[in-house]
Amino acid sequence: MSETEIKTMNEKSLRTRSAGSLNEIFHIPDFQRGYRWRREEVKTLLDDLNSHLKNHSYIDNLSPYYLQPIVVFEREDGSYNLIDGQQRLTTLFLINMALQKRKEVEEKISETLAQQDIPYNNPLEDLKPLAYSVIYDTRTDSEDFLKNISDKTIDEAGKFPDFLYMWHAYQAAKEWIDQHLKKKDINLHNLASLLEDKVKLIWYELPKGGDQWKKFSDLNIGKIPLTNSELIKALFLRDDNNLMEEHEKTTVVQQWDDMERELGDKDFWSFLTNEEPEKYDTKIDLIFDIIANKSPDEYDDYFTFIQFDKKLKGEDGRNIAGKDRWDEVYLQYLRLRDWYEAEDNEYYHKIGYLVAAGKNLQEIFNATVTKDQKQFRKYLDDEIKNTINLNGRKLEELSYANDYSLITRILLLFNVMTLQKGGDRSRRYSFRRHKRVKGGWSLEHIHAQNSRGLTKGKEWNAWISAHIPVLNRFRDFNILAGNKDKVVNIEEIIKRMKDFLTDLAENPKEGQLSARFDQINEDFSKIYYDGIDTDYDEYKDSIANLALLGRDDNAALNNAVFSVKRDKILNRSEEGFVPFCTREVFLKAYNESDENEQFFFWSETDRKNYLEKIKNVLEDYLPKETEENDEKYLYEN
């Protein structure tokens, strides 16, 4: 804001104050949002201040740096309610604290150099702490936290979202100072002087008897991006709400904090939504969106607040946001929490699957209004059936090319319900890890017969390096089985593979080696699949040859034989996430056969048993297979 703009404003209603001249106690009323400036915003302010300094040769000639107005209301004890401007005042305080910490470093430098008779002028020698206080009424210890933030750990800050934002803002200011000192791009003395004397805040004081809540709403709706939840909080905690006693407001604040903290649990969050947590500055907004039945395509940013504002007004327009109304909200939240925590995991797995499959949680939540527990369970099962509707087909008729999304949902449900039916209540499908798989999800061919599509030296190297150990084990198996001719052929292809890798390293000209690699690949297939897998083209894209795997993992395994894929998948680090049933597939857990040789292959027996297991686990959601259904399928096709 320019000086010209300031002079044109009503001079009777405002005056300017430097940050260093403030010595008031500022209270942040309950109905306001907490501190929410991010590291980037703090650094942007400091960049702007430093740029302002560089435009002036001497600090004495420095023009004022104006911040946006602060709006205050004097309390009976002489302190002030800060109606607007708490983000700015708190940030200036944190920057001053970062400079105070740097002053300690400069003092140690000065003392050390003095012992060596080296003169040193401490640039922050005259720096004073800012004299004002900022007290968040919902946090009785906020004043102490701010004034002692240099001694606070991130664990201490993590108790409340406000404190965590403050801690990060303070750290950002310290980092900015250190970085610019290293670049010799800052004058600490001038920066401190600027903050104390030249940063001007436009002081606007509301008249006694003014409506603080109305002014707060006028200032923030559409102008400052408050979240819906912060505005809803104001409906309950505003000063003129006489429907709540002070101790009841304290309870609301405590329950509010509990909800915000619990929603920070990534497992709980991932159960409720597919949205990234970072989308919500205040996580509790998700709960209010659900209760307000906000649709994903709602364009009005303040839809949720408007719905609550309507709900919390009586017929005469009075605010009716009493404790009983808050209890309704809190009980609705507890219902969601109970779904997540229920000991038998039924709601956790069924609702978690539906949300992961794209079902809107609002719709599920609304279904509880008109249904008893038995009806609600049936509703969930019916919705699950709808997500894997085969439209009269058989499971084995689905194909990779035509039913990719449907098969993906079926295999997700197979994984989820396998754990649900396992009887171990401590085992739950991790929707958090599921939703954070790098690259998203894809279908992996359990068995791929050859290395089609490999054309680069790096790809050849990776494929051969992965398959030589498998051939070594395959050779040892055939030695024990007495297959001498096969052993000779295996050893010959192993030697050719090793020679190829040597030549590739010495002369990596892909054009000269392409035909040679293709021949090695063809001969490998003849030896490895000798007399086995003659019907590959018939089953390769059926669900019996598909498993759920992260897209990035799939890309790395695409052209490997079953045995190589098994080694890589079973050795995945904890950083990755391989679904339970995918691991079971490569452990051949669904095959009770004693055919040892088949350990190297995904056999016909494996495929049949795997398909049967999927059908058994999902029997409640798949159509019953009867002769009548078979005839109907043949007739329609």
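A quick note: this is a predicted structure, and the numbers were derived from the prediction, not measured.
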Item to check | Any side-chain heavy-atom pair of Leu263 and Leu272 under 4.5 Å | outcome: yes
Item to check | Nearest heavy-atom neighbours spanning Thr387 and Tyr353 | outcome: OG1-OH, 2.7 Å
Checklist entry - Hey, mind stepping through Phe577 and Tyr429 against ring-ring contact (aromatic ring centres under 6.0 Å, His included) and telling me if it holds? => result CA-CA 11 Å; Phe577 176 52; Tyr429 189 79; 5.8 Å; yes
Checklist entry - Asn345 side chain to Gln420 main-chain N or O, any donor-acceptor pair under 3.5 Å? => result no
Checklist entry - Between Ala19 and Leu92, which heavy-atom pair has the shortest distance, and what is it? => result CB-CD1, 4.2 Å
Checklist entry - Do any N or O atoms from the side chain of Glu298 and from the backbone of Ser295 form a donor-acceptor pair under 3.5 angstrom? => result no
Checklist entry - Any salt bridge between Lys152 and Asp144, counting N to O under 4.0 Å? => result yes
Next on the checklist: Between the side chains of Asp267 and Arg428, is the shortest nitrogen-to-carboxylate-oxygen separation below 4.0 Å, so that they form an ion pair?
Outcome noted: no
Next on the checklist: Tell me if the NZ atom of Lys266 is crowded by more than 12 foreign heavy atoms within 6.0 Å.
Outcome noted: no
Item to check | Donor-acceptor contact below 3.5 Å, side chain Asn274 vs main chain Val355 | outcome: yes
Checklist entry - Can the ring centroids of Tyr136 and Tyr35 be said to lie less than 6.0 angstrom from one another? => result no
Next on the checklist: Quick check against the 3.5 Å criterion: does Trp269 have a side-chain atom that pairs as donor or acceptor with the backbone of Arg432?
Outcome noted: no
Checklist entry - Side chains of Trp167 and Glu156: does their closest heavy-atom pair fall under 4.5 Å? => result no
Checklist outcome for this item: Taken to the nearest 0.5 Å, the spacing of Asn228 CG from Ile284 CD1 works out to 12.0 Å
Checklist outcome for this item: For Lys283 and Pro277, the nearest pair of non-hydrogen atoms, with its separation, is CE-O, 3.4 Å
Next on the checklist: If we ignore hydrogens and angles and just use 3.5 Å, is the side chain of Arg75 paired with the main-chain N or O of Tyr80 as donor and acceptor?
Outcome noted: no
Checklist entry - Is a side-chain donor or acceptor of Asn81 paired with a backbone partner of Ile83 at a separation under 3.5 angstrom? => result no
Checklist entry - How many angstroms lie between atom CG of Leu406 and atom CG of Leu411, to the nearest 0.5 angstrom? => result 9.5 Å
Next on the checklist: Hydrogens and angles aside, do Thr153 and Asp155 bring a side-chain donor and acceptor to less than 3.5 Å of each other?
Outcome noted: no
Next on the checklist: side chain to side chain contact (heavy atoms under 4.5 Å, CB included) for Leu361 and Ile351? Distances and angles first, verdict last.
Outcome noted: CA-CA 8 Å; Leu361 185 60; Ile351 294 172; 3.9 Å; yes
Item to check | Test log, rule side chain to side chain contact (heavy atoms under 4.5 Å, CB included), inputs Phe308 and Val329 | outcome: CA-CA 10 Å; Phe308 270 85; Val329 172; 3.9 Å; yes
Checklist outcome for this item: Heavy-atom closest pair (Leu235 atom, Asn319 atom, distance to 0.1 Å) is O-ND2, 3.3 Å
Checklist entry - Would Asp381 and Lys385 pass as an ion pair if we require N to O under 4.0 Å? => result no
Item to check | NZ-OG distance between Lys147 and Ser142, expressed to the nearest 0.5 angstrom | outcome: 10.5 Å
Checklist outcome for this item: Exactly one of Phe305, Phe236, Phe303, Trp256 clears ring-ring contact (aromatic ring centres under 6.0 Å, His included) with Phe288, and that residue is Trp256
Checklist entry - Do Ser229 and Tyr280 have side-chain atoms, one donor and one acceptor, less than 3.5 Å apart? => result no
Next on the checklist: Determine whether a donor-acceptor pair (N or O, by modelled atom type, separation under 3.5 Å) exists between the side chain of Gln171 and the backbone of Met166.
Outcome noted: no
Checklist entry - At their closest point, which heavy atom of Gly85 faces which heavy atom of Ile70, and how far apart are they? => result CA-CG2, 4.0 Å
Next on the checklist: If you count every heavy atom of other residues, nucleotides or ligands that lies below 6.0 Å from Lys159 atom NZ, does the total exceed 12?
Outcome noted: no
Checklist entry - Can you list the steps and then say if Met97 with Leu146 is a side chain to side chain contact (heavy atoms under 4.5 Å, CB included)? => result CA-CA 9 Å; Met97 290 300 298; Leu146 276 170; over 6 Å; no
Checklist entry - For the residue pair Glu143 and Ser133, what are the closest heavy atoms and their distance? => result OE2-OG, 3.1 Å
Checklist entry - Any chance the rings of Tyr340 and Tyr333 have centres within less than 6.0 Å? => result no
Next on the checklist: Using a strict threshold of under 4.0 Å (side-chain N to carboxylate O), is an ion pair present between Glu175 and Lys43?
Outcome noted: yes
Checklist outcome for this item: Between Arg36 and the options Asp162, Asp281, Thr282, the side chain to side chain donor-acceptor pair (under 3.5 Å) test singles out Asp162
Item to check | Pairwise side-chain contact, His434 with Pro579, heavy-atom cut-off 4.5 Å (strictly under) | outcome: no
Checklist entry - With side chains defined as the heavy atoms from C-beta onward, is the minimum distance between Thr582 and Glu444 less than 4.5 Å? => result no
Checklist entry - Taking C-beta and beyond as the side chain, do Ile410 and Leu390 meet within less than 4.5 Å on heavy atoms? => result yes
Next on the checklist: I need the Glu262 CD to Leu334 CG distance, nearest 0.5 Å.
Outcome noted: 8.0 Å
Checklist entry - More than 12 foreign heavy atoms under 6.0 Å from NZ of Lys371: is that the case here? => result yes
Next on the checklist: So for atom CD, which belongs to Glu341, do other residues, nucleotides or ligands contribute more than 12 heavy atoms lying within a distance under 6.0 Å?
Outcome noted: yes
Next on the checklist: Let me confirm one number: the CD1-CZ distance from Ile320 to Arg325, rounded to the nearest 0.5 Å.
Outcome noted: 4.0 Å
Checklist entry - Counting heavy atoms not belonging to Lys323, are there more than 12 under 6.0 Å from its NZ? => result yes
Next on the checklist: Could you go through Val42 and Leu94, starting from their C-alpha distance and side-chain angles, then the distance that decides it, and tell me whether this counts as side chain to side chain contact (heavy atoms under 4.5 Å, CB included)?
Outcome noted: CA-CA 9 Å; Val42 176; Leu94 292 167; over 6 Å; no
Item to check | Thr250 side chain to Glu246 backbone, donor-acceptor under 3.5 Å | outcome: yes
Checklist entry - Is it the case that Trp326 and Glu248 place a side-chain donor and acceptor less than 3.5 Å from each other? => result no
Checklist entry - Is there side-chain contact between Val416 and Phe431, with at least one heavy-atom pair below 4.5 Å? => result yes
Item to check | Salt bridge present between Arg377 and Glu346 (N-O < 4.0 angstrom) | outcome: yes
Item to check | Contact check, side chains of Asp258 and Arg261, non-hydrogen atoms, under 4.5 Å | outcome: yes
Checklist entry - Do you see a donor-acceptor pair shorter than 3.5 Å between the side chains of Gln362 and Asn366? => result no
Checklist outcome for this item: Between the CG atom in Leu354 and the CD atom in Glu383, the distance rounded to the nearest 0.5 Å is 6.5 Å
Checklist entry - Does some side-chain heavy atom of His168 sit less than 4.5 Å from a side-chain heavy atom of Arg38? => result no
